[in-house]
Trainee: 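Dropping the structure in here first, questions after.
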There are 2 protein chains.
Amino acid sequence: MSIQYAPVVATSVTKQIAEQIRESIFDGRLKADDRLPTEHELADQFSVSRPTIREALKLLAAQNLIRSRRGPTGGTFVKRPTEEEARADLTTAATLLVSLGEFDLAEIAEARHELELVCGRLAAQNRQPRHLEQMAAEITVQKDPELSDEAFCASDVRFHRALVDAAGNSVLGFVMYTVIEALQPVENMVIFRFRERQKIIGQHEKILAAITDASIKRTEKAITKQMNYLRTQFAAAQEHRNRMTG
Amino acid sequence: MSIQYAPVVATSVTKQIAEQIRESIFDGRLKADDRLPTEHELADQFSVSRPTIREALKLLAAQNLIRSRRGPTGGTFVKRPTEEEARADLTTAATLLVSLGEFDLAEIAEARHELELVCGRLAAQNRQPRHLEQMAAEITVQKDPELSDEAFCASDVRFHRALVDAAGNSVLGFVMYTVIEALQPVENMVIFRFRERQKIIGQHEKILAAITDASIKRTEKAITKQMNYLRTQFAAAQEHRNRMTG
DNA sequence: TAAACATAATTGTCAAGCAAATATGAAATA
DNA sequence: TATTTCATATTTGCTTGACAATTATGTTTA
């Protein structure tokens with residue numbers, strides 16, 4: 001690697017070393033699949049013992065930034081996470097946040113509504129045939145009366161993801177994927193509690209039709225209708241929860 | 001703690017131990033602020049050496065699940081991440097994603113535009129005096145000609161955060177904070193390159209005025225104006241980058 | 001030619017102990 | 001007596017040196 005490191009100064013040596021290596025990964029000095037020096041060499045370079053180096057490497061390993069292999073061609077390698085892994089990390093972090101932060105269900109519903117409206121407007125403008133097909137396919141799936149609740153929820157997620165994809169903005173897509181995913185436990189609760197599938201399917205059909213016709217107004221109206229429905233269900237679930245706890 | 005652990009079987013002992021402790025945290029056997037046995041005791045319980053235990057603990061420490069303190073009343077404690085830390089993790093994950101996902105600057109600008117519009121509309125409805133004061137204060141800061149570029153950028157971030165806060169939706173807030181933060185490197189580049197501070201300040205003043213008057217239409221207009229400006233700057237930066245690389 | 005084997009390199013783990021921090025209680029001092 | 005100072009015990013942080021496990025490479029052997 002032959003990168004010059006600044007001398008370690010204070011707090012935890014382990015953390016500082018981890019931080020320096022992390023930085024050299026993020027600023028590009030170390031690229032994906034680059035091999036780090038051996039633990040022994042790192043220990044020499046940082047003037048610490050091998051166990052200390054190993055602890056630092058474990059800090060990075062926990063964040064999926066490196067991987068190690070034994071043997072002559074082994075060693076420690078930089079492992080830039082794939083987009084998928086990075087997105088999984090993002091979802092994990094978001095889910096944790098949702099589980100901690102006591103988000104008001106009403107706020108969740110409002111945020112979801114507004115974000116979905118944005119996606120809907122863009123989708124009405126940018127949708128490609130494949131998005132319409134995907135949404136139609138999910139509606140077909142949802143009509144199957146044999147479908148389990150879990151499968152229905154999963155299809156619901158896929159429908160809304162297709163809508164997000166149709167918006168044709170990957171940044172917005174990542175945001176929405178994360179929000180949809182993080183709020184899924186709550187939404188599942190609603191779907192499991194009030195199994196009004198027909199209503200949901202009908203709403204999906206109207207959304208799809210509006211987007212197919214590239215009508216922004218109708219898309220907004222259809223999405224608002226579904227989101228308002230979700231909102232009432234959230235409120236009911238909230239009230240039910242309050243009765244249980246209070 | 002007095003929890004019975006299953007004997008370790010295969011792969012990396014370190015990882016397995018970390019996994020077992022992680023599980024006992026997540027399934028509630030270990031609660032927040034519970035103290036784990038000393039490293040020496042853990043080493044005995046798992047029949048491994050202390051360095052191995054320490055590596056396992058580092059894996060958990062990297063995920064903010066534990067914290068350690070030296071001294072007689074010290075030890076290793078279960079640490080439920082604070083909301084702030086969880087949000088920091090979220091931002092880190094998002095930043096990583098932005099850094100590897102090749103997001104089109106135009107898409108970034110569009111997403112930012114749409115999201116900020118949502119916040120602006122809600123802010124015009126829900127803003128409290130403290131939000132207006134915060135935004136006004138940041139504009140004052142930005143007018144200081146002595147201000148460094150870094151400080152100007154930081155104030156810009158705070159202005160937009162105040163706008164987000166004014167929307168009064170914490171879910172949307174988290175999303176926006178993350179997006180703003182993750183896209184900051186790109187935005188900084190724009191501000192550093194084209195130092196048209198006066199223009200930006202003027203746009204901020206119009207946004208603030210519109211929100212103060214609770215005018216959704218004017219808020220939309222003002223935000224769109226600033227976002228379109230950002231968009232042109234992104235495009236210029238994009239073109240410049242293309243010339244450099246092409 | 002191909003299979004078995006030794007070899008070397010590298011991470012994984014162990015052992016015992018010293019260093020640093022820090023709460024607690026005892027001793028010295030005002 | 002009240003307060004400060006100091007010794008002490010406890011726990012993590014880190015060191016040193018070594019052995020075990022894994023695995024690519026080259027060498028020997030059938």
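Since this is a predicted model, take the numbers as computed values, not measurements. In what follows, chains are A, B, ... by sequence order, proteins preceding strands, each numbered from 1.
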Trainee: So S68(B) and T76(B), side-chain hydrogen bond (donor to acceptor under 3.5 Å, both in side chains) or not? Walk me through it.
Mentor: CA-CA 4 Å; S68(B) 293; T76(B) 304; 3.3 Å; yes

Trainee: Rounded to the nearest angstrom, tell me the gap between atom CG in L59(B) and atom C1' in dG12(C).
Mentor: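 My rounded result for the distance is 13 Å.
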
Trainee: Grab the CD1-P distance between I53(B) and dT12(D) for me, whole Å please.
Mentor: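 Roughly 11 Å, once rounded to whole Å.
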
Trainee: Just by distance, no angles: are the side chains of Q16(A) and Q20(A) close enough, under 3.5 Å, to form a donor-acceptor pair?
Mentor: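 Result is no, nothing qualifies.
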
Trainee: Salt bridge or not between E19(B) and R22(B)? Use side-chain N to carboxylate O under 4.0 Å.
Mentor: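 Salt bridge: yes.
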
Trainee: Would D149(B) and R197(B) pass as an ion pair if we require N to O under 4.0 Å?
Mentor: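 Salt bridge between D149(B) and R197(B), a charged N being under 4.0 Å from a carboxylate O: yes.
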
Trainee: Give the nucleotide from the list dT15(D), dT11(C), dT13(C) with an atom nearest to the side chain of T52(A).
Mentor: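 It is dT15(D).
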
Trainee: Could you give the NE2-to-P distance, from H40(B) to dC18(C), as a whole number of Å?
Mentor: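 Rounded to whole Å, this separation is 15 Å.
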
Trainee: Between R87(A) and F174(A), is NZ or CZ placed under 6.0 angstrom from the six-membered ring centre and within 45° of the ring axis?
Mentor: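 The answer is no, since R87(A) fails at least one limit relative to F174(A).
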
Trainee: May I have the distance from L57(B) (atom CG) to dT11(D) (atom P), rounded to whole angstrom?
Mentor: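 The distance from CG of L57(B) to P of dT11(D) comes to 15 Å, rounded to the nearest Å.
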
Trainee: I need the CG-P distance between L42(B) and dG13(D), as an integer number of Å.
Mentor: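 About 13 Å, once rounded to whole Å.
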
Trainee: Which of the following nucleotides, dT12(D), dT13(C), dA15(C), is nearest to the side chain of T14(B)?
Mentor: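 The closest nucleotide is dT13(C).
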
Trainee: Return the nearest nucleotide to the side chain of E39(A); candidates are dC14(D), dG12(C), dT13(C).
Mentor: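 So the side chain of E39(A) is nearest to dG12(C).
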
Trainee: Looking only at N and O atoms, is any donor in the side chain of R69(B) or the base of dG13(D) less than 3.5 Å from an acceptor on the other one?
Mentor: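 Checked by distance alone, the answer is no.
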
Trainee: How many whole angstroms separate atom CD of E55(B) from atom P of dT12(D)?
Mentor: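 It is 16 Å, rounded to the nearest whole Å.
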
Trainee: Output yes when E85(B) and R80(B) qualify as a salt bridge under the 4.0 Å nitrogen-oxygen rule, no when they do not.
Mentor: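 Looking at E85(B) and R80(B), the cut-off is not met.
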
Trainee: Can a donor-acceptor pair under 3.5 Å be found between the side-chain atoms of R50(B) and the base atoms of dG13(D)?
Mentor: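 Yes, a donor-acceptor pair under 3.5 Å.
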
Trainee: Any N/O pairs under 3.5 Å between the protein and nucleotides 5-10 of chain D? List them or say none.
Mentor:
residue: dT10(D); atom: O2; partner: P72(B); partner atom: N; Å: 3.2

Trainee: Quick one: sort the H204(B) and H160(B) rings into parallel, tilted or perpendicular, breaks at 30° and 60°.
Mentor: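 Geometry flag for H160(B) against H204(B): perpendicular rings.
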
Trainee: Nearest-nucleotide wise, let me know which of P51(A) and S68(A) is further upstream toward the 5' end of DNA chain C.
Mentor: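 Its nearest nucleotide lies further toward 5', so the answer is S68(A).
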
